[in-house]
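Chain naming here is simple, since letters A, B, ... match the order of the sequence lines and numbering starts at 1 in each.
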There are 2 protein chains.
Amino acid sequence: MKFETFKKMVSLSREDICRELFLAHRERIKIKKERVAVGNLVKIFEAALAISNRKGFSAMSLRELSTEAGLSMGALYTCFSSKEELLDLLQKLGRTMVMKVLLSQIDGIADRREKMKRAIQTHLYLSEVMQPWFYFSYMETKNLKKDEQKKAIEAELFTEKVFAGIITEGIADGRFRHVDPDMTAAVIKAMLQDWYLKQWKYGGRRVTVEAYARFLFDVVDSYIVKPLKSKRGTHGRHR
Amino acid sequence: MKFETFKKMVSLSREDICRELFLAHRERIKIKKERVAVGNLVKIFEAALAISNRKGFSAMSLRELSTEAGLSMGALYTCFSSKEELLDLLQKLGRTMVMKVLLSQIDGIADRREKMKRAIQTHLYLSEVMQPWFYFSYMETKNLKKDEQKKAIEAELFTEKVFAGIITEGIADGRFRHVDPDMTAAVIKAMLQDWYLKQWKYGGRRVTVEAYARFLFDVVDSYIVKPLKSKRGTHGRHR
DNA sequence: GTCTATATCTGGATAGAC
DNA sequence: GTCTATCCAGATATAGAC
């Protein structure tokens, strides 16, 4: 699947995401009209992610946020009750989204190799659509309070389990070699994360998401799949 | 090489490192006696890394640092002139060290495959010895001022070039497949970094550095090396 | 060289006018 | 619902005693 196709398919525009969040947190938000609340949330989240990804969340002052979002201090505090709550809201924003999309995309694919390819692709495409959020989430996890931190770690382990699961299945039906599923899933995750953590690198080298997805699948594939004498090397090219 | 052997060999005790730094920054440090200055630097750096890795550098107050280091506010300011300078000093601390050790360890190894193994191992062992610094450096790069940030990025690209170089050599002498050296080096780096960025994960799973090094080499090797019919699969085990 | 005390500023949060 | 003005906790940095 092309990235553009994916982008349209999972129509998670910023508004949609924020509307969902607004509905989930109705009680805690003082604004009553949906239109206004969602509009403000969008502006705040976008600005907060931008500033945080430049200098870190804790170095971002709320005054700074208010000017970048084009709202006053008072207006900010109608959407959240403390800077810490804003952090929690931001984290929650992406987590459920990621799991939902990832699972829906690989559900029902029988061929393990194909499933692996699709999982890699989906994770990369997702992190491309929501790049600021992924980066933010990675960098700020350690600044959450204990229980929120735990949820973030669970989310990381959850996606890892998805990959480990595919590998285990592949080993069971004999198409994959006897690699360590957990270790392999761990490094796959590391390579997936590099895509959104080092945008400056891949962007600068003009590597597209599609190209990175193909490349990454090649690396993984050549490690886990049992070599068929003649097949080896046919999928070794990229770009 | 075993990790313990490596640890003794590169005898970079905290004191040694700080002494070097002290000598390099004599002018800017008010304390004149080497013994005292180095002792304080060690305490300060150790405490600063510990706190920063818990909550982030910008969230660390100097009061906090002074108590954790067992020094007064006044004493801190005899070692650096501002919080920002402390950040720069910390960053500089590890960079040169890494390059020096990494290059010295792989210098003069003719066999490309062996060289790759050694480079992976050395990088992992280094990041194990200096874990707090590696983690810190990764997380705080974006908070540096422009020119310091540039140096940090150069350092990242430098180690990446080391790996890309080995791959290019291996392709040239015909032992490696025609993979993309830059892309491959990039994901190798990503997997190396995962080791110190996700200590909670690997520590919790009781994975040792040696095991991770072997595993990682297997993954890389199976991707870049041309398969000899009979050889494939012989180095696919780990643990 | 190291300490305590303090000047000065910045940032999170809120009250009350519009 | 949004804005401005303000409170005050806590941060950096320094002065001066020991």
Side-chain angles (χ1 to χ4, degrees), chain A residues 18-19 22 25-45 47-48 50-52 54-90 140 143-145, chain B residues 18-19 22 25-48 51-52 54-90 140 143-145:
Chain A
C18 289
R19 184 166 303 116
F22 167 67
H25 287 261
R26 259 223 144 91
E27 350 71 68
R28 310 173 82 174
I29 295 173
K30 289 182 192 131
I31 305 174
K32 288 288 155 263
K33 286 186 189 163
E34 185 173 311
R35 286 276 308 267
V36 183
V38 172
N40 283 1
L41 281 174
V42 171
K43 279 189 273 187
I44 291 173
F45 288 157
I51 301 174
S52 296
R54 260 184 338 246
K55 45 157 63 180
F57 184 80
S58 78
M60 171 188 75
S61 78
L62 291 187
R63 285 185 226 288
E64 218 178 342
L65 177 60
S66 84
T67 58
E68 178 127 351
L71 293 167
S72 67
M73 287 290 286
L76 289 187
Y77 274 88
T78 58
C79 290
F80 53 80
S81 64
S82 74
K83 197 185 175 189
E84 200 186 348
E85 189 182 288
L86 171 62
L87 179 54
D88 291 351
L89 283 178
L90 275 165
E140 303 295 342
N143 304 325
L144 298 169
K145 11 184 236 294
Chain B
C18 288
R19 183 165 306 113
F22 167 67
H25 287 262
R26 260 222 143 91
E27 348 73 67
R28 310 174 81 175
I29 295 172
K30 289 182 194 130
I31 304 173
K32 288 288 154 264
K33 285 185 188 162
E34 183 172 313
R35 285 276 307 269
V36 184
V38 173
N40 284 0
L41 281 174
V42 172
K43 279 189 273 186
I44 291 172
F45 288 156
E46 217 149 309
I51 302 174
S52 296
R54 265 189 328 254
K55 45 158 60 181
F57 184 79
S58 78
M60 171 188 76
S61 78
L62 292 187
R63 283 186 231 289
E64 222 177 339
L65 177 60
S66 84
T67 58
E68 178 128 350
L71 292 167
S72 66
M73 288 290 288
L76 289 189
Y77 275 87
T78 58
C79 290
F80 53 81
S81 63
S82 74
K83 198 185 174 191
E84 200 186 348
E85 188 182 289
L86 171 62
L87 179 54
D88 291 351
L89 283 178
L90 275 165
E140 303 295 343
N143 304 326
L144 299 168
K145 14 184 231 295

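Contact check, A:Arg63 against C:dG12: no side-chain N or O comes under 4.0 Å of OP1 or OP2.
Proximity of a side-chain donor or acceptor of A:Lys83 to a complementary backbone N or O of A:Met60 within less than 3.5 Å is detected. Side chain of B:Glu85 to backbone of B:Ser82: no donor-acceptor contact under 3.5 angstrom is found. Not a single donor-acceptor pair under 3.5 Å links the side chain of B:Glu140 to the backbone N or O of B:Leu87.
A straight line from NZ of A:Lys33 to C1' of D:dT2 spans 13 Å, rounded to a whole angstrom. The interatomic distance linking B:Ile51 (CD1) with D:dA11 (C1') rounds to 14 Å, in whole Å. Rounded to an integer number of Å, the gap from CE of B:Met73 to C1' of D:dA15 is 13 Å. Remark: P of D:dT12 and CD of B:Glu84 are 13 Å apart, rounded to the nearest angstrom. Between the CD atom of B:Glu85 and the P atom of D:dA13 there is a distance of 10 Å, rounded to whole Å. If you measure from atom CG of B:Leu76 to atom P of D:dT14, you get 13 Å, rounded to the nearest angstrom. Atom CZ of A:Phe80 and atom P of D:dT2 are 13 Å apart (whole Å). Between B:Tyr77 atom OH and C:dG1 atom P the separation is 20 Å, expressed in whole Å.
With C:dG12, D:dT12, D:dG1 as the choices, the nucleotide that has an atom nearest any side-chain atom of A:Val36 turns out to be D:dG1. Checking C:dT4, C:dA13, D:dA13 against every side-chain atom of B:Leu62, the shortest atom distance belongs to D:dA13.
Side-chain contact between A:Leu41 and A:Ile29 is present, with at least one heavy-atom pair separated by less than 4.5 Å.
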